[in-house]
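Worksheet for the structure shown next.
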Amino acid sequence: MYRDIEPLVKPVVPTFPLDDSLYCLDPEEVAFFKRQTGIQDEAALKTHIIDVQKEAYKVAPYACIRGFDFLHPNMSKLHIYNHILKRGSEGAILLDVGSCLGADVRKAAEDGYPVHNIIASDIKEAFSELGRNLFKSSSEPILFIPGDLFDPAFLSISQPASSVPESTMPDIQTLRSLNDLHGRVGVIHASKLFHLFDENKQLELARALGGLLSCESGSVICGTHTIASEKGIVTHTVLGVDLSYFCHSQETWASLWDGVVFAKGQVKVEMTTSTVNIGGIPFCLLHWSVTRL
């Protein structure tokens, strides 16, 4: 029986019916899932993925599961991915928050990031077993820690590290919360996560993640999420339902990290953008990184 974590902050997530026509993998992603699952027939692979999607949607009726977005590795498409892999070769811990079924961490592991230094975390404990089912692995090679990022008992806000922690690094395989990692994480990945929350909660989450980041030059927080041309509330109509959510602009997102979470000049913020069409609605995506100098 899974431990049911009641979130302290509940984003608006209306439930829509599943739609198999939304399934879409590019050739590189198809090859990735063939390698990971061992299923070489594309029709059989699609059936397998849809079967897991249906089970995941019962646990978490999120838009990223309905739209098969959980299949797409985001981190490997970031402008800073080669730097991330380099940090892995140097022994840095990689933490993927909002990891869902684990596509990003498994892609990083496949690309050479040491598995023993990878941690995945999400609020749904069931995502661990669902990830094993999706990737057809009998055991979990990557540590998964379920928890609520807004629960101080799991992740409290602390000031960004100014020095290397004096205490001994805990065995990450024994971790039950992220609080033991303050100032110790070399790479933090958070994709399709921030835009689920309002402006104040986005700041709270940014501060919490900033406190986890190592002070070592080159340590990085990165991710992808929707943005707007101007900071504010954005509204879209999806299947007859009006959805409203808060978006930063490129300028306000950069100033949030360089000047609010971190002191001005402590970090370098880099960004690129792209546009994705979902259900006939164009969404502007921000691909970003915040690197300690």
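Quantities reported herein were computed from a predicted structural model and do not represent experimental measurements. The figures that follow rest on heavy atoms only: side chains count, while hydrogens, waters and symmetry mates do not.
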Between H189 and V105, is a side-chain contact (heavy atoms from CB on, under 4.5 Å) present by the stated rule, with each step listed? CA-CA 9 Å; H189 176 245; V105 289; over 6 Å; no
Rounded distance [0.5 Å steps], CG in L78 versus OG in S76: 8.0 Å
Can you tell which of V97, D148, L209 makes a side chain to side chain contact (heavy atoms under 4.5 Å, CB included) with L155? L209
Which of these passes side chain to side chain donor-acceptor pair (under 3.5 Å) with Q36: E110, R106, K107, K136? E110
Worked check of side-chain contact (heavy atoms from CB on, under 4.5 Å) between I50 and Q53: CA-CA 5 Å; I50 289 175; Q53 180 219 26; 4.2 Å; yes
d(Y245 OH, Q202 CD) to nearest 0.5 Å is 11.5 Å
T47 (side chain) donor-acceptor with A43 (main chain) under 3.5 angstrom: yes
Can you confirm whether the side chains of Y81 and D111 place a donor and an acceptor under 3.5 Å from each other? yes
For residues D198 and K201, determine if any side-chain heavy atom of one lies less than 4.5 Å from a side-chain heavy atom of the other. yes
Hey, does Q250 have a side-chain heavy atom less than 4.5 Å from the side chain of T273? yes
Could you go step by step and tell me if R207 and E204 meet the salt bridge (charged side-chain N to carboxylate O under 4.0 Å, His left out) rule? CA-CA 5 Å; R207 287 188 186 278; E204 182 179 332; over 6 Å; no
Could you check whether any side-chain heavy atom of I119 comes within less than 4.5 Å of a side-chain heavy atom of L94, counting everything from C-beta outward? no
In sequence, state the C-alpha distance, the side-chain angles, and the governing distance for S89 and Y113, and then conclude on side-chain contact (heavy atoms from CB on, under 4.5 Å). CA-CA 7 Å; S89 69; Y113 208 104; over 6 Å; no
Of all heavy-atom pairs between V115 and A109, which one has the smallest distance, and what is that distance? CG2-CB, 3.8 Å
Side-chain donor/acceptor pairs under 3.5 Å, residues 283-291, sequence neighbours excluded:
unit_1, atom_1, unit_2, atom_2, d
H287, ND1, T224, OG1, 3.0
H287, NE2, S274, OG, 2.7
W288, NE1, G223, O, 3.3
W288, NE1, H225, ND1, 3.3
S289, OG, H79, NE2, 2.9

If hydrophobic clusters are built from ILVMFWY residues whose side chains come within less than 4.5 Å, do I172 and V164 share one? no
Between CG of L149 and CG of L178, what distance do you get to the nearest 0.5 Å? 6.5 Å
Does the side chain of V59 come within less than 4.5 Å of E129's, by heavy atoms? no
Smallest heavy-atom separation, P165 atom then G183 atom, equals CD-O, 3.6 Å
Expected output: side-chain E216 to main-chain G186 donor-acceptor under 3.5 Å: no
Sequence-distant partners of K231, side-chain contact (heavy atoms from CB on, under 4.5 Å), two or more places apart: E199, F246, H248, T252
Polar side-chain atom of H182 near backbone of S158 as donor-acceptor pair, under 3.5 Å: no
Minimal heavy-atom distance between F127 and A60, with the atoms involved, is CZ-CB, 3.7 Å
Quick check: does any side chain N or O of S219 sit under 3.5 Å from a backbone N or O of C215, one acting as donor and the other as acceptor? no
Would S167 and R184 count as a side-chain contact (heavy atoms from CB on, under 4.5 Å) if you check the C-alpha gap in whole Å, the side-chain angles of each, and the deciding distance to 0.1 Å? CA-CA 11 Å; S167 58; R184 300 182 184 276; 2.5 Å; yes
Provide the closest heavy-atom pair for S128 versus F144 in the form atom of the first, atom of the second, distance. CB-CD2, 3.7 Å
To the nearest 0.5 Å, what is the distance between CD1 on I227 and SG on C247? 8.0 Å
Indicate if V261 and L293 have the same hydrophobic cluster label, given that clusters are the connected sets of ILVMFWY residues with side-chain heavy-atom separations under 4.5 angstrom. no
If a pair satisfies side-chain hydrogen bond (donor to acceptor under 3.5 Å, both in side chains) and one of its residues is in residues 255-264, list it, with sequence neighbours excluded. none
Pair Y62-Y57, ring pair (Phe, Tyr, Trp, His ring centres under 6.0 Å): steps then yes or no: CA-CA 7 Å; Y62 299 161; Y57 203 62; 8.7 Å; no
Is it the case that atom CD in E230 sees more than 12 heavy atoms from other parts of the structure closer than 6.0 Å? no
With heavy-atom distances below 4.5 Å as the criterion, would you say the side chains of I118 and L143 are in contact? no
Distance (rounded to the nearest 0.5 Å) between I142 CD1 and R132 CZ: 12.0 Å
Does any non-hydrogen side-chain atom of F154 lie less than 4.5 Å from one of S121? yes
Single-linkage hydrophobic cluster, 4.5 Å side-chain cutoff, F194 and I157 together: no
Do I84 and C222 have side chains that get closer than 4.5 Å, going by heavy atoms? yes
For the residue pair M75 and A108, what are the closest heavy atoms and their distance? CE-CB, 3.8 Å
Is the ring centre of F150 less than 6.0 Å from the ring centre of F197? yes
Verdict with reasoning, E90 to K86, per salt bridge (charged side-chain N to carboxylate O under 4.0 Å, His left out): CA-CA 7 Å; E90 297 166 347; K86 181 175 182 292; 2.5 Å; yes
Side chains of L205 and L193 in contact at under 4.5 Å (non-hydrogen atoms): yes
Calculate, to the nearest 0.5 Å, the distance between atoms CG and CG belonging to N117 and L95 respectively. 12.0 Å
Let me have the donor-acceptor pairs involving side chains of residues 22-31, under 3.5 Å, with sequence neighbours excluded, atom names and distances please.
unit_1, atom_1, unit_2, atom_2, d
D26, OD1, E28, N, 3.1
D26, OD1, E29, N, 2.7
E29, OE1, D26, N, 3.0
E29, OE1, H72, ND1, 3.1
E29, OE2, H72, ND1, 3.1
E29, OE2, K77, NZ, 2.8

Mind checking salt bridge (charged side-chain N to carboxylate O under 4.0 Å, His left out) for K54 and listing every partner two or more places apart, or none if nothing turns up? none
In terms of heavy-atom contacts, A153 and N179 come closest through O-ND2, 3.2 Å
Suppose we screen for salt bridge (charged side-chain N to carboxylate O under 4.0 Å, His left out). Which residues come up paired with R292, at least two apart in sequence or across chains? none
Donor-acceptor contact below 3.5 Å, side chain R66 vs main chain P17: yes
Single hit among D122, D96, D104, D69 for salt bridge (charged side-chain N to carboxylate O under 4.0 Å, His left out) with K192: D69
Under a plain distance cut-off of 3.5 Å, with no hydrogens placed, do S214 and R87 share a side-chain donor-acceptor pair? no
